[in-house]
Amino acid sequence: MKVLVVGGAGYIGAHICKALAARGDTPVVFDNLSRGHTHAVRWGPLEQGDIRQEIDLRRAFEAHQPDAVMHFAAFAEVAEGEADPLGFWDNNVAGSLNLLRVMADAGWPPLVFSSTCAVYGVPERLPLTEDTLQRPINVYGRTKQAVERALADQAGAGGLRYAALRYFNAAGASPDGEIGEEHEPETHLIPNALKAAAGVGPAMKLFGTDYDTPDGTCIRDFIHVADLAQAHLAALDRLQAGAPSFTCNLGSGQGYSVREVLDAVERVTGRAVPFSVESRRPGDPARLFADISRAQQLLGFAPERSGLETMIADAWAFHRARWNLPAQ
Ligand code: UDP
């Protein structure tokens, strides 16, 4: 099967390309390389283009005639979205509408869409089920919610079948160390803690110790990127088998506090994590973790590598090699 992986040079997209190739599918990456990396495109051709340019997408579809589409191309940094709403709506929403128009002309290949738990906002009840009332509290979450609504409307009108996968906190690197998380600038917890532990970055800033949680720091649900990749393959297979559109959470189902993550980083690396306590980061809900029963039921989802120390160990192995640190 030939799969067009839109945004396939980024962190999550690249892991899905690797998983597709491992089972004999061909990932064709469409990416503008604004955030992704050419060195992460290793398992199929690269079509350089921008989702904001419909003509670029048409060119890729004509050249490759994909059997299915996976769509990861989006701006995803919450703070960036607050500063540049128009840029986020243009890239994330208008870009996705361009993709849908081209998919319509291509006879509606099935679509796996990369969504987020940010569509929920601050939950009233935990764990979060897919039916939780959606009240996104940032621009990023609202743009993803808007695309989900466009997908649902189009699927209702006929043609499109899709899976919208709402990720919680993606973490880790490929277990063989081949690819991992490389954001620039890096804003995420685990890579920043590893940088601080390794001494290749500044002391980590711990945003908020006064939340209504047992240790005062935020609680998040971390999911290994390799487990995410397996869920995407299962979602694709389900659509290929003719299933109707569906939406599901992808997390481990387990919440860990920021302090618990820092403790685990210290255990895995054998190094202290220097950090400073800062005030809360705007837009951070206190506690988020997923009910994953729908993913278990529909996709046979099992977050096998998503133990906290396993995820951190995989990320540490990847970064240690990149930073040329001596083996432990
Ligand atoms: N966090 C932190 N310092 C950092 C990065 C993140 O204290 O350098 C906290 C952040 O406030 C949040 C949690 O770690 O409570 C997870 O943040 P991240 O940016 O990794 O993912 P998000 O939950 O925003 O998707």
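Keep in mind the model is a prediction, meaning the values are calculated, not measured. Just follow the structure's listing: the first ligand is 1, and inside any ligand the first atom is 1. Counting begins at 1 with the first residue of the sequence.
Of the heavy atoms in Thr187, only backbone atoms (N, CA, C, O) come closer than 4.0 Å to ligand 1. Neither the backbone nor the side chain of Arg280 has any atom closer than 4.0 Å to an atom of ligand 1 (non-hydrogen atoms only). Residue-level proximity to ligand 1 for Arg281 is carried by the side chain, the only part with a heavy atom below 4.0 angstrom. By the criterion of a heavy-atom distance under 4.0 Å, the side chain of Asn192, and not its backbone, is placed next to ligand 1.
Heavy-atom distances between Val258 and ligand 1 reach below 4.0 Å in at least one pair.
Looking only at heavy atoms of the protein, atom 20 (O) of ligand 1 is closest to Leu189 N, 2.8 Å. In terms of protein heavy atoms, atom 21 (O) of ligand 1 is closest to Asn169 ND2, 3.1 Å.
Classified by interplanar angle (parallel below 30°, tilted 30° to 60°, perpendicular above 60°), the ring pair His15/Tyr11 is perpendicular.
Distances between N or O atoms of Leu206 and those of ligand 1 include no value under 3.5 Å. When only interatomic distances are considered, the shortest N/O to N/O separation between Cys218 and ligand 1 does not fall below 3.5 Å.
Evaluation of the side chain to side chain contact (heavy atoms under 4.5 Å, CB included) rule for Leu298 yields Arg238, Phe246, Arg294 as partners, not counting sequence neighbours.
With Phe168, Tyr256, Phe207 as candidates, the residue nearest to atom 1 (N) of ligand 1 on a non-hydrogen basis is Phe207.
In the displayed structure, Arg23 atom CZ is contacted under 6.0 Å by more than 12 heavy atoms of other residues, nucleotides or ligands. More than 12 heavy atoms of other residues, nucleotides or ligands sit less than 6.0 Å from atom CZ of Arg280.
Interface of Asp284 with ligand 1, defined as ligand atoms under 4.0 Å from a residue heavy atom, comprises 10 (C), 11 (O), 12 (C), 15 (O). Close contacts between ligand 1 and Lys205 involve ligand atoms 2 (C), 3 (N), 4 (C), 7 (O), 8 (O) [criterion: under 4.0 Å to a heavy atom].
Counting only residues at least two apart or on different chains, the ring-ring contact (aromatic ring centres under 6.0 Å, His included) pairs with a member in residues 63-84 are His71-Phe113, Phe72-His232, Phe75-Phe88.
For the residue pair Val122 and Pro285, the shortest heavy atom distance occurs at CG2-CB, 4.3 Å. Contact detail for Val69 and Pro109: the closest heavy-atom pair is CG2-CG, 4.0 Å.
Atoms CD1 and CE, on Ile190 and Met311 in that order, are 6.0 Å from each other to the nearest 0.5 Å.
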